[in-house]
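Letters A, B, ... mirror the listed sequences (proteins, then strands); counts begin at 1. Computed from a predicted structure; not experimentally measured.
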2 protein chains.
Amino acid sequence: MVVRLADVAREAGVSPATASRVLNGSSRSPAEAIAEKVRRAAERLGYFPNAQAQALARSSAGLVGLIVHDIADPYFSSIAHGVQHGLHGSGLRVMLSSTDRDGETEMEAVRAFMSYRTEGIVLAGSRTVDGDEPLIAAVETYRKNGGKVIMIGQPLPGTLGLSVDNRGSATELVRQLVELGHRRFVILAGDMNLVTVKDRHAGFIEGLDEAGLSALAVLPGVFTRDGGLEVMTEYLDASGAEIAQGQICVLAANDVMALGALTAVRRAGLRVPQDVALAGFDDIATLEDMIPSITTVQLPLDSMGEQAALMLLGAEDAASVRVIDGTPVLRESTTFCP
Amino acid sequence: MVVRLADVAREAGVSPATASRVLNGSSRSPAEAIAEKVRRAAERLGYFPNAQAQALARSSAGLVGLIVHDIADPYFSSIAHGVQHGLHGSGLRVMLSSTDRDGETEMEAVRAFMSYRTEGIVLAGSRTVDGDEPLIAAVETYRKNGGKVIMIGQPLPGTLGLSVDNRGSATELVRQLVELGHRRFVILAGDMNLVTVKDRHAGFIEGLDEAGLSALAVLPGVFTRDGGLEVMTEYLDASGAEIAQGQICVLAANDVMALGALTAVRRAGLRVPQDVALAGFDDIATLEDMIPSITTVQLPLDSMGEQAALMLLGAEDAASVRVIDGTPVLRESTTFCP
DNA sequence: TATATCTTGGAAAGCGCATTCCCACCCACT
DNA sequence: AGTGGGTGGGAATGCGCTTTCCAAGATATA
């Protein structure tokens, strides 16, 4: 039922070897007359090479794995977009795994990618402070078997990847906010078990330290929009007094949490930035259309995805890590209102 | 270097056949004692099955293709999330292709998925009014070769999929807006070559017709946030007089265009909804945190992705099409201000 | 005890293709 | 005319696994 290379060869009156050489980029290319016959035959029969068979014969599958926490989260979908873009034209296809932040699902994805003999895998934002040894071990196995691993966020020592300077950028953001006049900070931390969160948190603290300040509160929670909404709502419920004393400035561990917090503040009948100033992290695309515009630390998400793809394509076998600096962007949401 | 099944078999002192039966779900399962030996050997050696070889031998690859226009667009990323979710636990892996709205890239993806012998492919929002014959032909070929095709949006006659009632929902939205008091409508149409856009547009027109109205303007453009921004900006520049006469109501073909338009309106120094009321379509997640809240037609995006996945998994060979109705949700952005 | 029926493990034949040899042939040069 | 190099096509092997098909042992039936 399905047309195979051998069928094409027979139809064209040549050997399978020749047909193969014509239809796929071989180093040897048959005479044009023959080639044309083969191409016509393939066309006539509607031949499609079997990628599995090719993969097996070439021992290379033409696949790249991409693991993200949640493809519906703009942070990850931007990165995914960049990866696709960077891979365009390379002939590589991406296998996607959106893990819903579940470690087991993540491991499963790594195992699957190992089985599918993907050329490499891009791992976005997966490092945890505690308990990612299994993941690291799996990744190590994968590398030993010849796969490349590109980590976005915090590369493992000795691997390729993009290292986001979460801590430094966070500190810089706080510096600028202090400069503006802010003194009363609340940290909306997210899941403190994520290295990204930990680093950003550490950066916030460092910035505060420099100014001789300390946070009014550090609120852990889920690293999502709903997490931000929930935690902020609880805080506002419990800390009316705090707010009454004057403007506070909320440092959210990422933009989606900041958006959740924004809504929490509004539901509480408070104003941004007059009562509660608000800063996020990542600069996801949707911030552009928010009123007030939201202060954040800008990360070149799309470009990061693309760079990761290029590192995968590139020949850099050495453990090369590129550092990505975030740029604080002060917008209306953190206007200082004494 | 890489451990093969044969290595495991040798290590365990059994034949490859037996090892295969133990390690992968075969209908025959060897005695427990033997099985245990094999499992231990596999563990010891760090064996990972070669999925390509399995695919070849079984002639089934365990893959599903997903084609979207732009994975960074919340509409598609929500659907992608739903698809992943629906596939979870099925053992199927998804190959993603984000085509950046390029027909050629889309075709390439279909061809690749054909080559990879994916069990099926989910195609989101790809139908065009004009010029998608090649795509349709490719999809047809794919189906003839035994693949399932699930289309989200407008299924082809005779295929599986989710049919979104764009037209009906659009009409209903206009009805409700007219009910509210709106009379002066502008349609922000997007790329009129997309069937989705055409249908929504037709629905808007029908709604207006019913009320004996016609649109002040129909503005085609690119079906993205930037497209919305650009087109709206141009319109506002050109039509100051129109606006001066009183509130207009902009019907955007989707939410991201509406968000772009929102920003255009603000940049022009006008207010939403007092000067320009605004309605979108899709109900993407980020609308939740907008002020003013944005009127839209709610579509269960995540669930749609999941349903598509389930249709793929399901045994429904018959051409079954499920109709998805959109629900107009009136919010602050369309408050009527006489 | 002899024969028929199950089990169970193994041998071997693919799955569809790439690729290494190998051979036949042609051209050029001496 | 003879040799060497070059070119172009085909036979055959192997990629790693699944799955018949077989045979031998175990169990059951008469």
> Using a 4.0 Å heavy-atom cut-off, write out nucleotides 18-23 of chain D from 5' to 3' as B (base contacted by protein), S (sugar-phosphate only) or - (no contact).
BBBB--
> Could you give the CG-to-P distance, from A:Leu23 to C:dT19, as a whole number of Å?
14 Å
> List for me each residue that meets salt bridge (Lys or Arg N to Asp or Glu O under 4.0 Å) alongside B:Arg39, sequence neighbours excluded, and say none if there are none.
B:Glu32, B:Glu36
> Nearest-Å distance, CZ (A:Phe48) to C1' (C:dG16)?
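Value for this atom pair: 16 Å.
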> Going from CD on B:Glu108 to CZ on A:Arg93, what distance comes out if it is rounded to the nearest 0.5 angstrom?
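Here the interatomic distance stands at 5.5 Å.
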> If you define the side chain from C-beta out and look only at heavy atoms, does anything of B:Phe76 sit under 4.5 Å from B:Asp73?
yes
> To 10°, what angle do the rotation axes through the five end pairs on each side of the helix from C:dT1-D:dA30 to C:dT30-D:dA1 form?
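Computed angle between terminal axes is 50°.
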> Write down the distance between CZ (B:Arg117) and C1' (C:dC17), rounded to a whole number of angstrom.
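Atom-to-atom, B:Arg117 to C:dC17, this comes out as 11 Å.
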> Should A:Val64 and A:Phe113 count as side-chain neighbours, where that means a heavy-atom distance under 4.5 Å?
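Sidechains of A:Phe113 and A:Val64: no contact.
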> On DNA chain C, does the nearest nucleotide to B:Ile34 precede the nearest nucleotide to A:Val3 from the 5' side, or the other way round? Give the residue.
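Closest to the 5' end, via its nearest nucleotide, is B:Ile34.
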> So, using salt bridge (Lys or Arg N to Asp or Glu O under 4.0 Å) as the criterion, who are the partners of B:Arg111 when residues are at least two apart?
B:Glu104
> C:dC17 C1' sits how many Å from A:Asn50 CG, rounded?
8 Å
> Rounded to the nearest Å, what distance is computed from the OH atom of residue A:Tyr116 to the C1' atom of nucleotide D:dG16?
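It is 15 Å, rounded to the nearest whole Å.
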> Provide the full list of side-chain hydrogen bond (donor to acceptor under 3.5 Å, both in side chains) pairs with a residue in residues 10-25 of chain B, sequence neighbours left out, each pair given once.
B:Asp7-B:Arg10, B:Glu11-B:Arg44, B:Ser15-B:Thr18, B:Asn24-B:Gln54
> For A:Arg10 and D:dG9, what is the distance between atoms CZ and P respectively, to the nearest whole Å?
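To the nearest whole Å, that distance equals 19 Å.
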> Can you name the closest pair of heavy atoms from A:Leu313 and A:Gly86 and give their distance?
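It is CD1-O, 3.6 Å.
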> Could you tell me the separation between the CG atom of A:Leu56 and the P atom of D:dC15, rounded to a whole number of Å?
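Interatomic distance, CG of A:Leu56 to P of D:dC15: 9 Å.
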> Using side chain to side chain donor-acceptor pair (under 3.5 Å), reason through B:His81 and A:Asp100 one step at a time and then give a plain yes or no.
CA-CA 9 Å; B:His81 182 267; A:Asp100 275 340; 2.9 Å; yes
> Does A:Asp302 have any salt bridge (Lys or Arg N to Asp or Glu O under 4.0 Å) partners at least two apart in sequence or in another chain, and if so, which?
none
> Could you state the CG-P distance from A:Leu45 to C:dG16, rounded to the nearest angstrom?
14 Å
